[in-house]
Every structure is written in C-alpha cells, then in structure tokens.
Amino acid sequence: MSTKLQIYNTLTRKKEEFEPYNAPHVGLYVCGPTVYGDPHLGHARPAITFDLLFRYLTHQGYKVRYVRNVTDVGHLENDADAGDDKIAKKARLEQLEPMEVVQYYTLRYQDAMKELNVLPPSIEPRASGHIIEQIEMVKQILDNGFAYQSNGSIYFDVEKYNAKHNYGKLSGRNIEEMISNTRTLDGQNEKRNGVDFALWKKASPEHIMRWPSPWSDGFPGWHLECSAMSTKYLGQPFDIHGGGMDLMFPHHECEIAQSVAAHGHEAVRYWMHNNMITINGQKMGKSLGNFITLEELFSGSHKLLEQVYSPMTIRFFILQAQYRSTLDFSNEALQAAEKGLQRLMAANRMLDRIKPSDSSTVDVADLPSRAFAALSDDLNSPIAIAVLFDWVRNINSLAEGKEKITQSDLETLTKEFRAIVFDVLGIVDEQSGGSKQAELTGKLIDMLLTMRLEAKARKDFETSDRIRNQLTEMGVTVRDRKDGFDWEIA
RNA sequence: GGUACCGUGGCCGAGUGGCUAGGCAGCGGUCUGCAAAACCGCGUACAGCGGUUCGAAUCCGCUCGGUACCUCCA
C-alpha cells in the first residue's frame, strides 16, 4: 500500500502530496489541551484525528515523532485581565496550588484519551517545563527587532513584522485592515497596537504563576510555547502541525510570525486543521448549555443525552466524518454509530468462524487497496469505513458459505481487516475485555449457554428459557445461532 | 461588518462533470420450540432559480438558509 498521502495544507488551501523533510522520519506537532477544566467533546476530535494520522503514518513505515503539548501556563483570559491567566484564576478560586490544578486536569485528560484509545504521543511537553526555551526565543525576536518592551512585558510588533512579511497568510486575513480598525479603540493599555500580542507578560503582584526573566517576573505569552517546544523537539523546519480550526487565528498565525521573526524562516511545512463539533446543529459552548464533557458522555449523565455512549462509539462516530467537515452530535446520530460499530465488531468475530475452501470467490486485495487509498486521500476515514462495511457483507456471506475463500486468502483477509480496524482506525472491541475477570466471565457464560444448548436438545425448554432469561436480566444478550450461540454484555 | 466554509434521501455522512458510497431507521424475506438477535434483499436524494455543457449533486451567477473564525476555546 504505497499510495502517497495527500494532505490538505491550510497554508495553500489545497491538497498536496506529503513528502517528509527527512524521510523516513516524520515530525508531527499538535496543539494539546489547556488543562484548566475537564476534557470535553471538543478535545476528542483533534486527538482522534491526529491519532489516526499518527497510526496511519506509522503503519506506512514512517518513524514518527509525535509531540502534543500540555498548556499549563500563560493562557491569557483576555486583555482586560492583563496578567491573570486562566490557571491561576481557577487555582485561587479553588484554593489550590496552580500546579495541583494542572496535574489534576492533565491526568483527567490523559485518562479520557486512553479510554478513546488515543495513543500517547511520543513526547507530551508542558509549557511550564520550557520557560527557559521560551525566554530565549523572546530574546531572539527582540534582537531581530520585531518586539518591544512595555512596562516589563514584551509584545510582538505585528505592524513592523507585516511590513516585511505577511501576517495573516494562514487565516487569510488582511492585517492592515485590522490595524486600522483597532488603532482608534486602543491607547488604554501597554500595547502599541491592538493586534500586537504578548511574548512575555509581567505578573501582577497577586499573580502566583510566575518565573523570573530579564524583563520582569512573569509568564510567557500563550503562542510562544508551541513555537519553542516544536523547535526543541522536532527541529526546523518540521513536517506537520495540527490543531483545531479555531486555533488558526490568532494562535497559529502568531506561531508563524514568531518563527519567522526569530529564525528568519517558517517552521511548519504542512498545516492541518480539524473542523469543529456541533451539538444538535449548534456550536458547543458553556453559555449555550450544550457543553458536554467526555465523562458525561461515557456515563450518560448530561441532560441532552438519552443514554450512555461508550468511548468507542464516540471514536467510531468521529471517524465516520472526514476531519475537515463539521460534525454534528445528536442522540440519533450516535445511536446509529453505535449500531454500526456493533455490526463491524460482529463481523470481526465472524472471521474466526469462516471455513476455508479450495478456491476463492472474493478478491481479498480489494479491502486494503481501497481502504488505504481512501486514507491516503487526506485521511478520508468515512470512505475507509464504507469499504470495511462492504467487507462485512462479504464476511457474513463467507460465514454462511455463500461465498468461498482459500485458507491463505482467509488469513490475508483476517490480517488486513484487523490491521485497518484495530491498528489504523484504533478501534477496540469493547466486548472482549482482556482482563482475567472478563475472561473468566466469558468462560462462565459459555458454560451456561452450553448447558442451555443441551437442555434445548432434549426439548427441556423450561430450563433453557430459565438460563436465557436470567442471563438477560443480568445484562447478557443471548443470541441463538445455527451452529450454537453468541452473546454480548450490554 | 470582514473572512472562510457549508446546504445531499426520515437521520448521520462520502462523493467535485457521465459509472449515481456507507451506516442507522423503514419495508420485504431467511433462520428459529418461542423470543431476541443476526443475516440477506430493497431506496436514483443532492436548498431554490438561471446559465455553461451532448450531459451537473459536481462548474459559473444570483437568491434563500445555516455554521465557524474575527476575544479564551479543540
């Protein structure tokens, strides 16, 4: 499967063939969470999108270094706050150390990602652990004349930068217009211009998250961490920078400007942006009352949710849309995804029941060739899944003997099907636990159902129904089959 | 207001000039002691109007509707 990967590059607004800068190595940087609250639905989309990319590239034989940061300092709430950052604010509110809050939510995030079967990145650096690197970068930008000091804080001089370079090229913004629009409004704060952004902020006296720097005790501006850490771990330039579309402006725009101002050239070769998630057609937001955390989803505890949705249902649902499309969450859509996933998993188990023949009536090469062709086209996972469902039908026909397959083709099919479903799409069969307990439970259920089968054989339907009914009460769905039985823990 | 993007069958969601995905729901059938499940089969839809073309969901224009970003956001 050596179809070349095509990536939609936000910078050029078109699909481009992906050529690593230093093959077979690939550098991938993705904006991670700001750890000041519980992980929510919005965090799941980029995590899963770029997990798919990571898995796909790895599967294709690339050596990928995947860096996904944790933002644990310096997220300015807004200009009015001038010096308060989100994390410090929350910390005072709850009477906790900032790092305690950060630790708590970082673990919450990582746990949720694990549930979604998102692989841990190669490096998960924290902004707070890279203050020195960020200070160094501020110095470089100052030395190159693209920043100025104001009352202990350092700001990036967007107007000056834009005179030589193009600020706004990523998001398609006309910065001259923005400058003329904002200039009149300003004058009340330290910035020369409203569009300037902070590289270093002086901490106000009550501000508890602070580090010494040549300019003041303070903290780095938000955009700086990604520039500093991507450079540190991936070098310059590096291949792919990903994140949510909402980060395109100003965050990623600022990253580009910082790189050029500090190093004289851009750092990123391909920019990828996943689209947003909507809920019942509306953007998810705290003020709209439709803000759903991942835990609420997994436990079904949010008032908009009719039932529990398992992590794999969420993952599968997200993969059923292409990452650049908006994706609308609704009970109906999630339930459809849940059913579809169950069918896919059932087919996977069915693979083990297929009896080989001496010839094949199906072309097993079709599955990987079409599925990987889809994925190589800017990660078109919905098409890849459609191909899988074509093969679900084939697998069922094979299991019923309507189609035939040789032993060697069957092995290929099983291997390819599972590679795509489990390794690349990152699906997990939630039925097949894995723990000793789950294994034992499975064996016990098998035993009971075997006894039921024996009861049925001697037409002792009272016993057979009793076993089935009691299992049903315990939440085990029993299905009779021609060749025995099948069950599922609901 | 500026800048992008989108509008596909009951729902979700691919498809970017002819070959008309896929899932869920629905309908029909098979299987079955009963039940459930499962499995098989079935759907010519592309906001509206106009244009280009032999031919458009796909290109162009207009109209209507929606979303996102422009402030922290994934």
Side-chain angles (χ1 to χ4, degrees), chain A residues 10 13 30-34 36-37 39-50 71 75-81 85-86 168 171-174 177-178 181-182 194-195 222 242-251 253 273-278 281-286 291 316-317 319-322 324-344 346-347 350 370 374 377 380-390 392-393 395-397 399-400 402 456-457 459-462 464-465 468-469 472 477-482 485-488:
Chain A
T10 310
R13 313 247 160 195
V30 174
C31 290
T34 302
Y36 67 97
H40 55 75
L41 206 38
H43 290 112
R45 174 95 116 143
I48 289 170
T49 297
F50 294 105
T71 298
H75 236 139
L76 289 172
E77 192 135 282
N78 56 46
D79 283 351
D81 269 341
D85 81 32
K86 273 184 182 169
S171 53
R173 251 155 254 262
N174 181 345
E177 242 167 52
M178 290 178 67
N181 284 345
T182 55
V195 294
W222 168 38
M245 247 175 205
D246 51 345
L247 297 178
M248 218 157 80
F249 187 89
H251 185 53
E253 204 70 73
H273 291 95
N274 63 272
N275 214 319
M276 301 289 102
I277 276 169
T278 56
Q282 267 195 316
K283 185 192 173 176
M284 185 179 80
K286 279 179 177 153
F291 190 87
F316 186 69
F317 181 63
L319 290 172
Q320 269 189 311
Q322 208 264 353
R324 284 192 289 119
S325 306
T326 54
L327 176 62
D328 189 48
F329 269 64
S330 64
N331 281 290
E332 204 177 359
L334 282 167
Q335 284 157 15
E338 183 179 56
K339 290 263 178 64
L341 177 61
Q342 277 170 5
R343 194 159 158 241
L344 190 65
M350 199 67 79
R370 283 165 63 218
D377 181 15
N380 200 327
S381 48
I383 295 273
I385 288 170
V387 174
L388 283 170
F389 276 111
D390 286 342
V392 166
R393 188 166 298 114
I395 287 167
N396 289 326
S397 298
E400 298 207 346
K402 287 182 184 166
K456 273 173 64 175
K459 305 237 186 268
D460 177 4
F461 296 123
E462 195 187 325
S464 75
D465 285 355
R468 182 180 66 197
N469 293 342
T472 305
T477 305
V478 177
R479 295 176 202 129
D480 288 351
R481 295 177 44 84
K482 244 195 217 125
F485 53 81
D486 207 2
W487 56 268
E488 197 168 51

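Residue numbering restarts at 1 for every chain, and letters A, B, ... go by the order of the sequence lines.
Residues passing the ring pair (Phe, Tyr, Trp, His ring centres under 6.0 Å) test with A:Phe316, sequence neighbours excluded: none. Residues meeting the ring pair (Phe, Tyr, Trp, His ring centres under 6.0 Å) test with A:Phe50, sequence neighbours left out: none.
With hydrogens and angles left out, the side chain of A:Asp465 and the base of B:G33 share a donor-acceptor pair within 3.5 Å. A donor-acceptor contact under 3.5 Å links the side chain of A:Arg468 to the base of B:C34.
Comparing B:A47 with B:G9, their C1' atoms are spaced 14 Å from each other, to the whole Å. When the P atom is used for both B:U58 and B:G7, the distance is 11 Å, rounded to whole Å. Distance check on atom C1': B:G23 versus B:G13 gives 8 Å, rounded to whole Å. For the P atom pair drawn from B:C69 and B:G18, the interatomic distance equals 35 Å after rounding to whole Å. Of the P atoms belonging to B:G48 and B:C11, the separation is 15 Å, rounded to the nearest Å. A gap of 24 Å separates the C1' atoms of B:C59 and B:U67, to the nearest Å. Annotation: B:C46 and B:G65 have their C1' atoms spaced 16 Å apart (nearest Å). With C1' as the reference atom, B:A74 and B:C54 are 48 Å apart, rounded to whole Å.
We find that CH2 of A:Trp222 is positioned 12 Å from P of B:U71, with the value rounded to whole Å. In this structure, the CG atom of A:Asp328 is 7 Å from the P atom of B:C12, given to the nearest Å. Rounded to an integer number of Å, the gap from A:Leu327 CG to B:A74 C1' is 13 Å. Taking atom CD of residue A:Gln320 and atom P of nucleotide B:A14, one finds them 10 Å apart after rounding to whole Å. Going from atom CZ of A:Arg370 over to atom C1' of B:A21 covers 9 Å, rounded to whole Å. Rounded to a whole Å, the CG atom of A:Asp390 is 11 Å from the P atom of B:A21. The distance from atom CG of A:Leu319 to atom C1' of B:C12 is 14 Å, rounded to the nearest whole Å. Computed from coordinates, the A:Leu247 CG to B:A68 C1' distance equals 13 Å when rounded to whole Å.
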What N/O pairs connect the protein and nucleotides 9-11 of chain B at under 3.5 Å? Give each pair on its own line.
residue	atom	partner	partner atom	Å
B:C11	O2'	A:Glu332	OE1	3.4

Under 3.5 Å, N/O pairs linking protein and nucleotides 15-17 of chain B:
residue	atom	partner	partner atom	Å
B:G15	OP1	A:Asn380	ND2	3.0

Seminar exercise, completed: Writing each nucleotide of RNA chain B 5' to 3' as (, ), [, ], | or . by Watson-Crick or G-U pairing under 3.5 Å yields (((((((..(((.....[...))).(((((.......)))))....(((((..]....))))))))))))....
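As judged by a 4.0 angstrom heavy-atom cut-off over every strand, A:Gly244 is placed among residues touching the sugar-phosphate backbone only. Residue-level contact check: A:His40 touches the bases, meaning some heavy atom is under 4.0 Å from a base atom. At the heavy-atom level, A:Arg173 lies under 4.0 Å from base atoms of the strands shown. Heavy atoms of A:Leu388 sit nowhere under 4.0 angstrom from any nucleic acid atom. No contact: A:Leu334 has no heavy atom under 4.0 Å from any strand. Nucleic acid contact for A:Met245: none, since no nucleic acid atom lies under 4.0 Å from a heavy atom of the residue.
Rounding to the nearest 0.5 Å gives a distance of 10.5 Å between NZ of A:Lys456 and CZ of A:Phe485. One distance of note links CD of A:Gln322 with CG of A:Asn274; it measures 10.5 Å at 0.5 Å rounding. For the atom pair OH of A:Tyr36 and OG1 of A:Thr71, the computed distance is 10.5 Å after rounding to the nearest 0.5 Å. The structure places CD of A:Gln342 at 5.5 Å from CD of A:Glu338, a figure rounded to the nearest 0.5 Å. To the nearest 0.5 Å, atom CG of residue A:Leu327 and atom CG of residue A:Leu319 are 10.0 Å apart.
The two residues A:Met276 and A:Asp246 have their closest heavy-atom pair at CE-OD1, 3.4 Å. A:Ile277 approaches A:Arg45 most closely through the heavy-atom pair CD1-CB, 3.7 Å. The shortest heavy-atom contact between A:Ile395 and A:Met350 is CG2-CB, 4.0 Å. Closest non-hydrogen pair, A:Met245 versus A:Arg324, comes out as CE-O, 4.2 Å. When all heavy atoms are compared, the tightest approach of A:Arg13 to A:Ser171 is NH2-C, 3.6 Å. Taking both residues in full, the closest heavy atoms of A:Phe389 and A:Arg343 are given as CD2-NH1, 4.0 Å, listed atom of the first, atom of the second, then distance.
Without hydrogens or angle criteria, A:Gln320 side chain to A:Ala337 main chain gives no donor-acceptor distance under 3.5 Å. No donor-acceptor distance shorter than 3.5 angstrom exists from the side chain of A:Glu400 to the backbone of A:Lys402, with no hydrogens or angles considered.
Each of A:Ser464 and A:Ile385 lies near RNA chain B, and the nucleotide nearest A:Ile385 is the one positioned closer to the 5' end. Mapped onto RNA chain B by nearest heavy atom, A:Gly172 and A:Ala321 fall at different nucleotides, with A:Gly172 at the one closer to the 5' end.
Residue ring and nucleobase are stacked for A:Phe461 and B:G33, with a centre distance beneath 5.5 angstrom and an angle between planes beneath 30°.
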Seminar exercise, completed: Once base and sugar-phosphate atoms are separated, protein heavy atoms under 4.0 Å mark nucleotides 36-42 of chain B, 5' to 3', with B, S and - as BB-SSS-
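Ring orientation note: the planes of A:His251 and A:Trp222 are close to parallel, at an angle under 30° on the 30°/60° scale.
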